[in-house]
Amino acid sequence: MSPVLDARLAAAAALVRPGHRAADIGCDHGLLTAALVGSGRCPFVVAADLRSGPLSVAEKNLTKAGLMNKVSLRLGDGLSVLAPGEVQDVVIAGMGAETICDIIAAAPWLRDPAVRLVLVPATKHSILRRWLCRNGFALREERLAQVGRRFYAVMAAEYRGQPFEPEGQFCLLGLTKGLEGWRAYLRQQLPKLQKYRLGAPPEERQPIDALLAQLEGMLEDTAQSSEV
């Protein structure tokens, strides 16, 4: 029986490709790992964490569920626990955007079109989207997960080797526009852009102001549409 996952982990599990070997980086207590192998979605999962305490709890949970024959538990930092080609899908969840970027940058073998990244940034979604685009990764799908009053973006990305500079709207929204809850997500993102503008150099403020006006207009248009 698979464990019940919160909205973030459920969205991450749905973006892992069926039949692929996967890695759960930052596995905590192993709930996502248990769901992936227990449901049959993945034949094998490497569950890794930087801390021995959560990994010990994960081992107990997976042993109790009778799933240890499909899991390898590893203590280590980021993707250093994996050998290139060992898995096809890599989930990195519960970390800030900068940490996720550092983990990906430290593993050149991820620059393989056959590998899928499933990313659940705890903070700074815009920074992660921008970094992925600048480093040749293409976003394939995003899902919004609501926990309490806050929305999280869960991203699936694959390497395509075509770096580009994304537009500001894409950095803020990615592929979430039109998804359930995207307006609330935009309202959550806008104050972050407004805060960034306060510290931006003068030459950057005009394009930021134009972007803010565009996004605020989107919210106004959708509000009017819902009233019709």
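We use all heavy atoms of the structure for the numbers below, so side chains are in, but hydrogens, waters and symmetry mates are not. Please read all numbers here as calculations on a predicted model, not as lab measurements.
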Distance-only donor-acceptor pairs under 3.5 Å for side chains of residues 198-208, two or more places apart:
unit_1, atom_1, unit_2, atom_2, d
Glu204, OE1, Tyr196, OH, 3.0
Arg205, NE, Ala200, O, 3.0
Arg205, NH2, Ala200, O, 3.1

Nearest 0.5 Å please: distance from the [atom1] atom of [X] over to the [atom2] atom of [Y].
{"X": "Arg197", "Y": "Leu212", "atom1": "CZ", "atom2": "CG", "value": "8.0 Å"}
{"X": "Asp24", "Y": "Thr33", "atom1": "CG", "atom2": "OG1", "value": "3.5 Å"}
{"X": "Arg140", "Y": "Glu158", "atom1": "CZ", "atom2": "CD", "value": "5.5 Å"}
{"X": "Leu193", "Y": "Cys171", "atom1": "CG", "atom2": "SG", "value": "10.0 Å"}

With a 4.5 Å limit on heavy-atom distance, are the side chains of [X] and [Y] in contact?
{"X": "Arg129", "Y": "Pro166", "result": "no"}
{"X": "Leu215", "Y": "Leu219", "result": "no"}
{"X": "Glu180", "Y": "Gln146", "result": "no"}
{"X": "Val118", "Y": "Met155", "result": "no"}
{"X": "Met68", "Y": "Leu73", "result": "yes"}

Give every donor-acceptor pair under 3.5 Å between a side-chain atom in residues 89-113 and any protein atom, sequence neighbours left out.
unit_1, atom_1, unit_2, atom_2, d
Asp89, OD1, Arg17, NE, 3.0
Asp89, OD1, Arg17, NH2, 2.6
Asp89, OD1, His20, ND1, 3.2
Asp89, OD2, Arg17, N, 2.8
Asp89, OD2, Arg17, NE, 3.4
Glu98, OE2, Lys124, NZ, 2.9
Asp112, OD1, Ala114, N, 2.9

inquiry  = On a heavy-atom basis, which atom in Trp182 and which in Thr176 lie closest, and how many Å separate them?
reply    =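 Heavy atoms of Trp182 and Thr176 come nearest at CB-O, 3.2 Å.
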query = Can you name the one residue among Leu144, Leu9, Leu15, Leu119 that meets side-chain contact (heavy atoms from CB on, under 4.5 Å) with Val154?
reply =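 It is Leu15; the other options fail the test.
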query = Among Val46, Leu55, Val45, which residue meets the side-chain contact (heavy atoms from CB on, under 4.5 Å) test with Cys27?
reply =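 Only one of Val46, Leu55, Val45 forms a side-chain contact (heavy atoms from CB on, under 4.5 Å) with Cys27, namely Leu55.
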task = Could you check whether the rings of Tyr152 and His125 sit parallel, tilted or perpendicular, using 30° and 60° as the cut-offs?
result =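 Ring orientation of Tyr152 relative to His125: tilted.
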key: Expected output: side-chain Ser56 to main-chain Ser52 donor-acceptor under 3.5 Å   =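 Side chain of Ser56 to backbone of Ser52: no pair is present.
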query = Should we say atom CZ of Arg149 is surrounded by more than 12 heavy atoms from elsewhere, each under 6.0 Å from it?
reply =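 No.
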inquiry  = Whether Arg134 and Glu165 form a salt bridge (side-chain N of Lys/Arg under 4.0 Å from carboxylate O of Asp/Glu) is what I want to check.
reply    =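 Yes, charged N to carboxylate O under 4.0 Å.
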